[in-house]
Structures are given as structure tokens and as C-alpha cells.
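Heads up, the thing below is written out as C-alpha cells.
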Amino acid sequence: MGGPTHDSSDFLTDKSAKIFVAGHGGLVGSAIVRKLQSLGLTNLVLRSHSELDLTRQSDVDSFFAAEKPQYVILAAAKVGGIHANNTYPADFIAINLQIQTNVIDSSFRHGAKKLLFLGSSCIYPKLAPQPIPENALLTGPLEPTNEWYAVAKISGIKMCQAYRIQYNWDAISGMPTNLYGPNDNFHPENSHVLPALMRRFHEAKVSKAKEVVVWGTGSPLREFLHVDDLADAVVFLMDKYSGLEHLNVGSGKEVTIKELAELVKEVVGFEGELVWDTSKPDGTPRKLMDSSKLLGLGWTPKISLKDGLVDTYKWYVENVVKQ
Ligand SMILES: NC(=O)C1=CN([C@@H]2O[C@H](COP(=O)(O)OP(=O)(O)OC[C@H]3O[C@@H](n4cnc5c(N)ncnc54)[C@H](OP(=O)(O)O)[C@@H]3O)[C@@H](O)[C@H]2O)C=CC1
Ligand SMILES: C[C@H]1O[C@H](OP(=O)(O)OP(=O)(O)OC[C@H]2O[C@@H](n3cnc4c(=O)[nH]c(N)nc43)[C@H](O)[C@@H]2O)[C@@H](O)[C@@H](O)C1=O
């Protein structure tokens, strides 16, 4: 069903191939652009959100009709941390369904050779077996704080599968774990935990505050992957994988939120105390992904959490604080 499980394409050999990276200004999109350029793949089609709103179906279709990219990497989405997901459920389901439906369908209709859709580890049931294998999808209830976003992401996987089955079209899906790195969103409430804590510890260090508030109990476990490792995996998948099944992309290493907070505190150099605000949700207790299928194809993550944090803090100071 749905063609071969994997084979190789000419993605890396045809240096003139036209590639559309949707969401190129974001954390993931910008890392993918850096990676493609470093490999000599420079015929990139890029549009900012203000140039092309991907929720507008006719604008998206006109763009694809005019540009006809050969490859499409879909890294545009409505993205946020636990608070944003919990507060704006309508935006997270509607905007994501609109973007992905428009981009996937227009890519197919205007002759793209291959498309990669990015989901998230939140697609899996809240109490999935750990580490989570790909076939845990749709086996139980979702984590309530992000079920709207998760339902949109599950629809994206299913849409890629449906187009492969019906049209034999090469649409694949990668499910990244929690990501971080340069160009992350450092918003105090709406961002993910790692950039939120980096900013809070930095501001507390500068203002010589005695304590920093961290949300929840500190006990949830999370798996973090540097976005440059994810970009490497995206290129690897575009080049080497053409299967029906979505593939997990993780580091295989998990930490508690308390351990993460202590590590960020150390990297930033804040010397005060942590205070836990247990009125804030913990979210899912644990979501370590089983990435053995991708590892089995030959991909490996390279950046440790400590090195990645040092690199990200340097970027934050040079690009966010100094602006
Ligand atoms: N960050 C993470 O921890 C994880 C991310 N992912 C997935 O990776 C992908 C990228 O996420 P990430 O880079 O973190 O998110 P970002 O928010 O950093 O980037 C998303 C990009 O999409 C653009 N965008 C959003 N809405 C529209 C729109 N309507 N039209 C055009 N462009 C739009 C944004 O532009 P603008 O900012 O101008 O709106 C931005 O450039 C997503 O699919 C996400 O689900 C998966 C797992 C974890
Ligand atoms: C990638 C993934 O990201 C989201 O899921 P999440 O992993 O729960 O996201 P998070 O990074 O926001 O929180 C991780 C943990 O950290 C704790 N926590 C402590 N202090 C802060 C804090 O200051 N901010 C945030 N955001 N969290 C904090 C927080 O309470 C939670 O226990 C999905 O909605 C969805 O977007 C998705 O797919």
C-alpha cells in the first residue's frame, strides 16, 4: 500500500532544483534554509508571511501556479508553547488545517515532485508507551492542553498518506520532538519552555532578581533536539525516505523540566532561586519518542543539550538582547 517504504531521490544531486521552504523565517524554516545553502542547494523560493498568507487558498494556488517548485518543505504553522496552545485552541486548529491543506494540495496540483510535512510529538496519546513508536498514533486520548494542534497535525499526516495512496505522490511526514535554537520565539508567555526560561533567567540576572518563577511541578520529562540537527534530518528524509508512514525525529535524551531549568540557569549565569508555580499546567507527563526507524536509515543527532544551550544563549544575547 502506498508505494515503497524508502528509496533515494536526486534531492541532493540536482543543485538547481527549485525548493519552496514554507515558513523560512521561523525556528525550523531558517535552520533548513541554512542547511540547504550549506549544501549548495540555492534555488530556494521563499515568501514571508506578509508576502504570502498561506491560509488564503487562492493566493497559495496562484503562487504555486507561477513558481512550480519541484520540492516543498512545509515548516510554516501556528506554533506555541503550552499556554498558547491552551489559550487559543481555535487558532491552533483552524490556521494549521488551512495552511497545510492549501500547501499540500497546491504542491500536488502544480507538479511538485516531493513534499515533506512536519508534525510534532504531541500527535501521540497522552499516556502512550515510552519511548513512543510511530504506531502509537491514534491509540488513545490526546493531551488536553494541545489536542487542537495535535488533531491538525494528525490530519496533515493523513493527508500526505491519502495523496500517496490515491495518486502515488511522494508526500512524507516527519514528527520532531521539542526543538530549540537560533530564531526561536522568546515571548514570555506564548513560547516553549526552553526559550521562555532562557529569557526569564537572563532578565533576572540583569536586574539582579533573587528568584525566577518556573511553571508547573518540574516533574514532566521532555526530549529536546537542536534545530540544526532537525534541519539535517529534514534533508536526510528528503533525500532518502519515500514511505507512507510518518517518522519520529528525536535526540533520544530526555530531562525533567527541573533539570532543564537548572541547566538553563547555569548556562545563563543566574545565581538566584527557582520558585515553582503549580497553578500552571504540567502538560503531558512524558513524551520520549522512539526514533529507531530514522536511526536505522543512517541519520544521527550530533548536538548535545549543553552545547546547544550555550549556542542558543549566545545567539539570544547577540540577536534579541542587543537589538
Ligand atoms: N518549535 C518546536 O519545538 C517544534 C516545532 N515543530 C513543527 O515545526 C514547524 C515549524 O515550527 P517553528 O519553526 O518552531 O515555528 P515558528 O513559529 O518559529 O515558525 C513558523 C513560521 O511559519 C510562518 N507562518 C505562520 N503562519 C503563516 C501563514 N498564515 N502564512 C505564511 N507563513 C506563516 C511564520 O511567520 P510569522 O512569524 O511571520 O507569522 C514563521 O515564519 C511547525 O510545523 C511545527 O509544528 C514540531 C515539533 C516541535
Ligand atoms: C513542542 C510541543 O510543545 C507544546 O507542549 P509542551 O512540551 O508541553 O510545551 P512547553 O515547552 O510549553 O512546556 C513544557 C513543560 O515546561 C513547563 N514550563 C515551565 N516553565 C515554563 C515556561 O515559562 N513556559 C513554558 N512554555 N513552559 C514552561 C510546562 O509547564 C510544561 O510542563 C505543545 O503545546 C506543542 O506546541 C508541541 O508540539
Side-chain angles (χ1 to χ4, degrees), residues 21-32 46-56 59-60 63 73-87 91-92 94-96 98-100 102-103 116-124 143-150 152-153 156 173-201 212-225 227 230-231 234 249-250 256-258 260-261 264 274 276-287 289:
V21 182
H24 73 282
L27 169 70
V28 170
S30 60
I32 292 170
L46 308 173
R47 293 287 185 280
S48 66
H49 189 162
S50 57
E51 289 167 335
L52 176 64
D53 183 343
L54 295 169
T55 65
R56 294 176 183 267
D59 291 357
V60 173
F63 161 77
I73 299 174
L74 179 41
K78 171 78 183 165
V79 179
I82 193 166
H83 173 76
N85 268 272
N86 215 8
T87 311
D91 289 352
F92 276 84
I95 294 173
N96 284 313
Q98 286 165 348
I99 292 175
Q100 68 202 38
N102 293 342
V103 173
L116 182 142
F117 169 73
L118 287 170
S120 160
S121 57
C122 72
I123 59 162
Y124 292 114
E143 155 60 31
T145 55
N146 55 34
E147 65 176 309
W148 320 98
Y149 174 75
K153 292 294 185 184
S173 302
M175 294 306 114
T177 187
N178 290 44
L179 305 169
Y180 69 98
N183 284 318
D184 210 339
N185 167 12
F186 291 87
H187 189 278
E189 282 89 37
N190 293 335
S191 66
H192 290 108
V193 59
L194 195 153
L197 293 185
M198 190 168 278
R199 174 176 177 165
R200 216 172 290 147
F201 284 129
V212 157
V213 175
V214 187
W215 300 353
T217 62
S219 64
L221 285 152
R222 292 291 182 274
E223 178 191 22
F224 291 95
L225 182 73
V227 74
L230 189 263
V234 162
V249 187
T256 63
I257 295 301
K258 184 170 188 309
L260 175 77
V264 177
L274 303 187
W276 295 91
D277 177 357
T278 53
S279 70
K280 293 285 198 301
D282 268 345
T284 199
R286 191 179 178 200
K287 46 176 174 177
M289 294 204 298

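Counting convention: from 1, in listed order, for ligands and their atoms alike. All residue numbers in this chain count up from 1 along the given sequence.
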Check each N or O atom of ligand 2 against all protein N or O atoms and list the pairs under 3.5 Å, with atom names and distances to 0.1 Å, one per line.
from	atom 1	to	atom 2	distance (Å)
ligand 2	3 (O)	H192	NE2	3.3
ligand 2	5 (O)	K287	NZ	3.4
ligand 2	7 (O)	N178	ND2	2.9
ligand 2	7 (O)	R222	NE	2.7
ligand 2	7 (O)	K287	NZ	3.2
ligand 2	8 (O)	R222	NH2	3.0
ligand 2	11 (O)	V193	N	2.8
ligand 2	12 (O)	I82	N	2.7
ligand 2	20 (N)	W215	N	3.0
ligand 2	23 (O)	R200	NH1	3.0
ligand 2	23 (O)	R200	NH2	2.7
ligand 2	26 (N)	S191	O	2.9
ligand 2	30 (O)	P281	O	2.7
ligand 2	32 (O)	D282	O	2.5
ligand 2	34 (O)	N85	ND2	2.9
ligand 2	34 (O)	N146	ND2	3.3
ligand 2	36 (O)	G80	O	2.7
ligand 2	36 (O)	N85	ND2	3.3
ligand 2	36 (O)	H192	NE2	3.2
ligand 2	38 (O)	S120	OG	2.4

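- Using modelled atom types, no side-chain atom of N183 and backbone atom of V28 make a donor-acceptor pair closer than 3.5 Å.
- Closer than 4.0 angstrom to ligand 1 by heavy atom are G23, G25, G26, L27, V28, H49, L52, D53, L54, T55, A75, A76, A77, V79, I99, L118, G119, S120, Y149, K153, P176, T177, N178, L179, H192, sorted by chain and number.
- Distance alone, capped at 3.5 Å, is enough to place a donor-acceptor pair between the K153 side chain and the L118 backbone.
- Without hydrogens or angle criteria, R47 side chain to L52 main chain gives no donor-acceptor distance under 3.5 Å.
- Here the side chain of E223 pairs a donor or acceptor atom with the backbone of M289 at under 3.5 angstrom.
- Shown here is W148, whose CH2 atom has no more than 12 heavy atoms of other residues, nucleotides or ligands within 6.0 Å.
- With D277 contributing its side chain and V213 its backbone, the two residues share no donor-acceptor pair below 3.5 Å.
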Problem set entry | H192 vs Y180, side-chain contact (heavy atoms from CB on, under 4.5 Å): CA-CA, chis, key distance, verdict | CA-CA 9 Å; H192 290 108; Y180 69 98; over 6 Å; no
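- At least one donor-acceptor pair under 3.5 Å links the side chain of D282 to the backbone N or O of T217.
- Side chain of S191 to backbone of P188: no donor-acceptor contact under 3.5 angstrom is found.
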